[in-house]
**Q** 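Okay, handing you the structure first.
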2 protein chains.
Amino acid sequence: MAYRKTPAEIRRLEAAREHLVVCATEVVADVGWAQASVTAVADAAGIAAGSVYQHFSSKSALAVEVFRRAAQREVDVLGDVLEGEGDPADRLRRGVEVFARRALENHGLAYALLAAPAEPAVGAERLAFRRRYRALFAAVIDEGVAADRFPGQDAEITAAALTGAIGEVLVYPLSTSAAQDADLLVAELTAVALRCAGAAP
Amino acid sequence: MAYRKTPAEIRRLEAAREHLVVCATEVVADVGWAQASVTAVADAAGIAAGSVYQHFSSKSALAVEVFRRAAQREVDVLGDVLEGEGDPADRLRRGVEVFARRALENHGLAYALLAAPAEPAVGAERLAFRRRYRALFAAVIDEGVAADRFPGQDAEITAAALTGAIGEVLVYPLSTSAAQDADLLVAELTAVALRCAGAAP
DNA sequence: GGAACCTCTGAATGATGGTTCACTTCTTTC
DNA sequence: GAAAGAAGTGAACCATCATTCAGAGGTTCC
């Protein structure tokens, strides 16, 4: 009966874990999953490589946590807009817009979430989150179809197409003029997305 | 001067190299890049691991060759249709259709080409081929815009969106009913693609 | 047949990077 | 202050493969 974690100690440990996740996220956004070795991440957090294993059972577990946190934020933001009030077409437009702006603001993280090569565990997580994006888009499209704002269509397929289209445009370098100007890019992307769903021009 | 490769010997070596590439492609389509170790590929081709290095300077070089061959076939087929005769909207429809059918017929290879985690050299190759798909689509879209079949738009962005949309729909498992029926899936996908470009319904 | 040169083999080598662990350092409790 | 136990360290360890290489087995040409 000589040692019990005091509340302050527990908080300190939780903060250390949190700090590790945040630093790992930065490293991943900076250099991608492949380059984010345990040593690199530990260095960034100012701890020894071995100490990572105080907080996570494996590198995979840490990577999954990093992915989940970041991806969940995007799902939440997108969900707030897509499930909000108003005309489905308008919500779709605003959803694409907000998603695109966030991705452009933090391109490294967007790339890591959407496309960067990653270990299988992260790949599985990515798949799960893609399904969630798709479900959010599909719901709006179904609503729009029901309200006669969009033509009849398989909402799941359109939603998948939207997910892919948005990701591709945001993540890969374009040589077009719009690539220089974020506003223009976002405007073109929302226009494509609305056409994709069949919204009246 | 006691040894010069006889034509038959040269042919035999070329055939061996060819056979290796074909077998490697099958392995990759089957199990993905990550699992396609030099040993696995050599086993599939019925040769020793070391013999791979008779034909390729590194595993990367072999992987790049495998990717290029397969991707080039798709670019050729798509290019034939998109650059053919006729109405731009119709060519776009047929292009998406043929691309989709081929991907669905050889799903493993399509996944390997479009999305499967791969080493950096293959990733770079993939990027280059994506640009080529994009260029093909962009040309048709520009034509369609010029011919007033599509509304004004940044063709590069629409083309990127198309590439992403098509890839996403074909490569990731869908839970919708259309996923069961290839014809239905292709029909929905071409419809989305045409809407994406803004073709009149 | 045999000298010269090649292809093929597969076990040994080497690089990379996650994981472990003996040890040090810090916290708690008495 | 000292015992008990936890957190933190970082060098050693280990698994995984790509790559090499010394030897075996062919092929060419005189």
Side-chain angles (χ1 to χ4, degrees), chain A residues 1-21 23-24 27-28 30-67 116-123, chain B residues 1-21 23-24 27-28 31-67 117-123:
Chain A
M1 63 273 20
Y3 188 92
R4 259 185 80 79
K5 278 177 198 159
T6 184
E9 185 68 0
I10 291 174
R11 248 179 291 122
R12 190 185 65 79
L13 284 172
E14 257 166 30
R17 185 189 145 108
E18 191 64 24
H19 181 237
L20 174 58
V21 171
C23 291
V27 172
V28 166
D30 251 37
V31 301
W33 301 100
Q35 303 292 317
S37 65
V38 171
T39 315
V41 165
D43 281 357
I47 61 176
S51 301
V52 167
Y53 294 82
Q54 299 273 338
H55 303 291
F56 294 93
S57 63
S58 70
K59 184 195 160 143
S60 263
L62 168 57
V64 165
E65 176 87 15
V66 164
F67 187 96
E119 64 210 284
V122 169
Chain B
M1 52 230 35
Y3 189 92
R4 260 185 78 83
K5 278 178 197 158
T6 186
E9 184 71 0
I10 290 175
R11 250 179 287 121
R12 191 185 63 79
L13 284 172
E14 258 167 29
R17 186 190 145 110
E18 191 62 25
H19 182 236
L20 174 57
V21 171
C23 291
V27 172
V28 166
V31 302
W33 302 100
Q35 304 292 316
S37 65
V38 172
T39 314
V41 166
D43 282 357
I47 61 176
S51 301
V52 169
Y53 293 83
Q54 300 271 337
H55 304 290
F56 294 94
S57 64
S58 70
K59 181 192 161 145
S60 264
L62 168 57
V64 165
E65 176 86 13
V66 165
F67 187 95
E119 65 210 283
V122 169

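None of the values given here were measured: they were computed from a predicted structure. Each chain gets a letter, A, B and so on, in the order the sequences are listed, and its residues count up from 1.
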**Q** Using atom CZ of B:Phe56 as one end and atom C1' of D:dT19 as the other, report the distance to the nearest whole Å.
**A**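 My rounded result for the distance is 16 Å.
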
**Q** Counting C-beta onward and ignoring hydrogens, is there a side-chain heavy-atom pair between A:Phe56 and A:Val21 closer than 4.5 Å?
**A**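 Sidechains of A:Val21 and A:Phe56: in contact.
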
**Q** Write down the distance between NZ (A:Lys59) and P (C:dG18), rounded to a whole number of angstrom.
**A** 4 Å

**Q** Please pick, from C:dC8, D:dA7, D:dT19, the nucleotide with the shortest atom-to-atom distance to any side-chain atom of B:Leu13.
**A**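 For B:Leu13, the side-chain atoms sit closest to C:dC8.
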
**Q** Quick one: B:His55 NE2 to C:dC6 C1', roughly how many Å, whole number?
**A**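 So the NE2-C1' distance, B:His55 to C:dC6, works out to 13 Å.
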
**Q** Is it true that a side-chain atom of A:Ser37 and a backbone atom of A:Ala40 form a donor plus acceptor pair closer than 3.5 Å?
**A**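 Yes.
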
**Q** Between atom CZ in A:Arg4 and atom C1' in D:dA7, what is the gap in whole Å?
**A** 17 Å

**Q** Does any pair with a residue in residues 56-66 of chain A pass salt bridge (Lys or Arg N to Asp or Glu O under 4.0 Å), and if so which ones, sequence neighbours excluded?
**A**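 Pairs touching residues 56-66 of chain A that pass the test: A:Arg17-A:Glu65, A:Glu65-A:Arg69.
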
**Q** Rounded to the nearest 0.5 Å, what separation is found between the CG atom of B:Leu13 and the CZ atom of B:Arg11?
**A**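 Reported value, rounded in 0.5 Å steps: 11.5 Å.
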
**Q** Using atom CD of A:Gln54 as one end and atom C1' of D:dT9 as the other, report the distance to the nearest whole Å.
**A** 10 Å

**Q** Which nucleotide in the list C:dT9, D:dT9, D:dT19 gets nearest to the side chain of B:Ser51?
**A** C:dT9

**Q** Which pair of heavy atoms, one from B:Ala121 and one from B:Ser60, lies closest together, and at what distance?
**A**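 Nearest pair, atom of B:Ala121 first, then B:Ser60: CB-OG, 4.0 Å.
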
**Q** Using heavy atoms and a sub-4.0 Å distance, could you list which residues of residues 33-49 of chain A are near DNA chain C? By number, please.
**A** A:Ser37, A:Val38

**Q** How close or far is atom P of C:dC6 from atom CD of B:Glu9, stated in whole angstroms?
**A** 11 Å

**Q** What is the distance from OH of A:Tyr53 to P of D:dC13, rounded to the nearest Å?
**A** 17 Å

